[in-house]
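Owing to the predicted nature of the structure, the values given are computational and were not obtained by experimental measurement. Note: hydrogens, waters and symmetry copies are ignored here, and every other heavy atom, side chains too, is used. In what follows, every chain begins at residue 1, and chains take the letters A, B, ... in the order their sequences are listed.
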Amino acid sequence: MERINKIQILQKELPDLELLADSRSLQIYGQDWTRFRQPDPLAVVFPRSVDQVQALVKFARLEKLALVPSGGRTGLSGGAVAASCELVVSFEKMRKISEFNPLEASLKVEAGVVTQALQAYAAEQGLFYPISFAAEGSAQIGGNIATNAGGIRVLRYGLTRDWVEGLTVVTGAGEVLELNRGLIKNASGYDLRHLFIGSEGTLGFIVAATIRLAQPPPPQTVMLLALESMPAVMSLFHSAKVYLKLSAFEFFSEQALNYVCQHRQLPQPLENPAPFYVLCEFDSDEEAALAVFEQGFADGNLLDGVISQSSAQAEELWQYREGISESITQFTPYKNDLSVRVSKVPEFMQELDQLVAESYPDFEVIWFGHIGDGNLHMNVLKPETMEVGEFERSCLLVNHAVYQLVEKYAGSVSAEHGIGLLKRNALRFCRSQAEINILRQVKRVFDPDNIMNPGKLLNDE
Amino acid sequence: MKILVGIKRVVDFNVRVRVKPDGSGVDTDGAKMSINPFDEIALEEALRLREAGIASEVIVISIGDSSCQQQLRTGLAMGADRAIQVDTDIHLQPLAAARTMLAVIETEQPGLVILGKQAIDDDNNQTGQMLAALWNRPQATFASKVVVAGDTATVTREVDAGLETIEVDLPAVITTDLRLNTPRFVKLPDIMKAKRKPLEVIAFTELAVSNDNNIQIDHYAPPAVREKGIMVDSAAALVTELKSRGLL
């Protein structure tokens with residue numbers, strides 16, 4: 001009854017705001033790609049302008065109504081999950097691209113612009129938006145910014161943060177702020193833009209952004225290589241960095257490859273299976289690629305490999321890496337998205353591997369990651385017969401040891417997925433108590449009533 | 001049986017080509033170049049026939065300047081036994097290309113010639129048909145399935161009405177459609193091995209082939225930009241709009 005009342009008040013106060021509250025919409029818009037919480041939002045609203053967003057936030061402050069921002073809902077840490085009767089604010093009706101400026105190679109996007117649409121728009125202008133990841137066909141730029149999305153080309157082009165030159169935000173206090181206004185140089189004190197990047201919707205809503213575009217890279221070639229061991233992967237990374245102008249350097253395990261082949265019905269890319277695979281993309285230079293291969297082959301690090309001869313083949317090879325996440329979704333994977341400094345990866349991985357083998361003797365663990373960025377995705381698959389709650393509890397148990405290892409290596413418990421709901425209790429393994437205290441104070445400044453994505457990133461005190 | 005496969009070096013299909021400002025051609029500077037995708041399928045089919053014990057040798061041939069050796073080397077790395085480059089700076093039109101191939105066929109005497117149905121740069125779709133006519137041998141174009149038994153090939157063709165299966169006596173010319181197969185990836189060790197495979201260069205002038213270009217190119221222009229559509233509120237408005245344009 002109370003729910004219906006709340007919705008009626010909302011509709012009365014904000015009559016122009018599109019709203020859905022049927023059970024199917026609630027199910028769809030109440031969750032991201034994670035499946036550990038039952039979605040239970042109050043309703044979903046679809047603002048079309050900054051003014052509507054501002055009016056909504058002011059209303060929510062008065063009514064003490066919690067708001068959850070929602071983009072392409074491809075998040076992997078529950079950042080956009082509404083499981084406690086929050087109002088979901090979907091940005092999918094705000095997807096204008098405007099103000100393209102060829103001199104600056106910049107443009108303005110609304111929060112709901114799909115990442116792939118931004119990439120396509122840039123390509124039409126003869127430019128390049130370099131942030132790329134498996135979910136780019138659904139994910140939206142607002143969510144990318146709120147999680148500081150990384151993906152497959154971080155090695156060369158950095159993170160989403162590096163391409164944002166301005167933000168329009170509505171804070172939890174209901175103020176509209178224009179942050180950095182598209183400037184390249186701006187030495188005028190605290191850069192609040194960077195606070196919002198990666199804030200996971202806890203400070204306010206990102207409603208629009210000024211994005212800088214890059215010059216397109218020269219033609220790219222992709223190699224898929226088979227390797228014997230993790231140290232071999234690292235030694236290959238070293239020589240690939242010396243000989244090639246790398247855009248991406250990704251690794252995945254044999255099991256990961258097998259799931260992709262099954263799921264997408266792809267043939268095995270190489271004749272014989274190998275424990276590890278590396279996919280790297282670089283400025284086309286076959287001579288240099290051969291030099292890397294010959295050296296690796298001579299050292300016994302490399303077992304086999306294929307190289308793309310056309311962009312079509314490059315795309316085909318990328319499928320073996322990009323299809324991994326999707327291919328294991330059916331197993332309700334518990335995802336760990338860890339990072340350490342690149343130089344620490346082999347040591348860290350060795351210890352982690354041992355720990356996991358001892359702790360998860362009965363679970364299947366799928367490894368892949370952006371090794372060039374020190375980022376490992378460790379996915380634990382749920383046994384078919386196990387109930388979700390029990391599975392999550394066993395994962396959390398082992399996680400404690402995993403996070404202690406992360407702490408020991410001064411790494412991060414979330415490299416690029418964000419903290420969201422799933423990792424909030426792990427924050428203390430990569431942020432000091434003093435730091436977390438400051439984060440809480442920062443949140444209070446922007447969101448005095450704790451209505452902006454409450455319970456995400458920072459757990460309730 | 002020998003199989004001869006034609007390979008053309010073309011701008012990669014993913015490259016957004018631009019017409020030169022003076023309309024004299026297409027700007028390919030620095031663009032990624034690849035084997036014409038239909039030719040890659042032709043080579044894959046030839047390799048499979050050899051692997052099945054039906055063919056004994058696969059020869060790849062390309063007509064062009066030395067830069068097309070890169071695509072021939074790729075063909076060798078995919079598994080072709082040897083390569084022939086007919087060296088010329090002239091951009092040959094389909095008829096001249098067919099005559100050139102015929103000259104090579106006379107020397108090589110292949111039992112089967114497989115070509116892509118067309119090249120994605122000029123999209124002519126003529127060379128295979130012209131070659132079969134000049135050679136006076138059967139043709140099976142737009143193949144989506146090829147079965148060779150004895151002296152005949154049974155070929156399923158993709159035609160406008162659906163699929164058509166025909167039988168041709170060998171030697172013959174087959175041209176490939178997209179669904180025939182998926183070409184293999186090139187293995188790095190095979191690129192190294194390919195460096196040692198024979199690549200013969202024949203001067204175009206040596207073949208005494210006529211190069212009367214029967215098509216004169218006046219100028220190049222990009223396709224007209226599609227006009228932006230309009231949204232109408234109702235079916236009635238749509239009818240009015242169509243009528244006002246004389247379309248209804």
Side-chain angles (χ1 to χ4, degrees), chain A residues 120 122-128 215-227 236 240 265-272 277-280 283-298 302-320, chain B residues 7-18 27-41 43-44 48 51 60 67-80 116 119-121 178 181-196 222 225-226:
Chain A
E124 274 168 36
Q125 320 304 321
L127 293 165
F128 182 60
Q215 289 301 317
Q220 300 288 295
T221 295
V222 172
M223 278 197 290
L224 179 66
L225 304 163
L227 299 102
L236 173 71
Q265 300 189 324
L266 296 172
Q268 285 281 339
L270 298 167
E271 268 163 58
N272 299 309
Y277 295 89
V278 160
L279 183 146
C280 58
D283 291 359
S284 296
D285 182 348
E286 196 164 273
E287 285 308 305
L290 278 176
V292 171
F293 184 77
E294 278 173 53
Q295 191 188 320
F297 206 65
L302 274 172
L303 303 173
D304 199 357
V306 290
I307 183 165
S308 70
Q309 298 296 322
S310 62
S311 55
Q313 282 195 340
E315 277 174 24
E316 277 175 55
L317 287 174
W318 263 116
Q319 284 203 54
Y320 291 102
Chain B
I7 280 182
K8 188 174 184 184
R9 174 183 165 92
V10 297
V11 175
D12 189 275
F13 96 104
N14 257 343
V15 172
R16 303 166 75 88
V17 291
R18 282 166 202 269
D27 192 3
T28 57
D29 278 358
K32 182 165 181 63
M33 306 297 284
S34 303
I35 296 180
N36 175 41
F38 294 105
D39 300 346
E40 211 179 6
I41 292 169
L43 175 55
E44 176 65 34
R48 289 183 189 188
E51 282 155 7
V60 282
S67 59
C68 73
Q69 288 190 6
Q70 194 193 339
Q71 278 61 43
L72 288 171
R73 288 282 173 210
T74 301
L76 293 171
M78 277 177 73
I120 60 165
D121 50 1
L178 279 181
N181 60 49
T182 306
R184 65 196 63 192
F185 294 118
V186 172
K187 297 177 71 171
L188 283 148
D190 292 341
I191 294 181
M192 293 190 276
K193 283 183 210 150
K195 288 181 178 170
R196 294 190 294 273
V225 180
R226 205 177 140 199

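- Between the CZ atom of B:Arg16 and the CD atom of A:Glu124 there is a distance of 6.0 Å, given to the nearest 0.5 Å.
- Within the 4.5 Å cutoff, the side chain of B:Lys187 has heavy atoms near those of the A:Glu271 side chain.
- At a threshold of 4.5 Å between non-hydrogen side-chain atoms, the residues A:Glu286 and B:Val186 do not count as touching.
- Only the side chain of A:Leu225 has a heavy atom closer than 4.5 Å to any heavy atom of chain B.
- Within the 4.5 angstrom heavy-atom criterion, only side-chain atoms of A:Ser284, from C-beta onward, approach chain B.
- Separating the CE atom in B:Met192 from the CZ atom in A:Phe297 is a distance of 6.5 Å, to the nearest 0.5 Å.
- In this structure, CD on B:Gln70 lies 8.0 Å from CD on A:Gln309, to the nearest 0.5 angstrom.
- Here the CG atom belonging to B:Asp190 is positioned 12.0 Å from the CD1 atom belonging to A:Ile307, to the nearest 0.5 angstrom.
- Residues B:Ala31 and A:Pro219 approach most closely at C-CG, 4.3 Å, considering heavy atoms.
- Put simply, CG on B:Asn14 and CD on A:Glu315 are 5.0 Å apart, with the number rounded to the nearest 0.5 Å.
- Within the 4.5 Å cutoff, the side chain of A:Asp304 has heavy atoms near those of the B:Pro189 side chain.
- Interface check for chain A: of the options B:Pro183, B:Pro37, B:Ser34, the most heavy-atom pairs under 4.5 Å are formed by B:Ser34.
- Summarising the geometry of A:Leu290 relative to B:Ile191, their closest heavy-atom pair is CD1-CG2, 3.5 Å, with the distance given to 0.1 Å.
- With a 4.5 angstrom heavy-atom cutoff, A:Thr221 touches chain B only via side-chain atoms.
- Listed here is the closest heavy atom pair of A:Gln313 and B:Arg184: NE2-O, 3.1 Å.
- The part of B:Glu40 that comes within reach of chain A is its side chain, from C-beta onward, which places non-hydrogen atoms under 4.5 angstrom from that chain.
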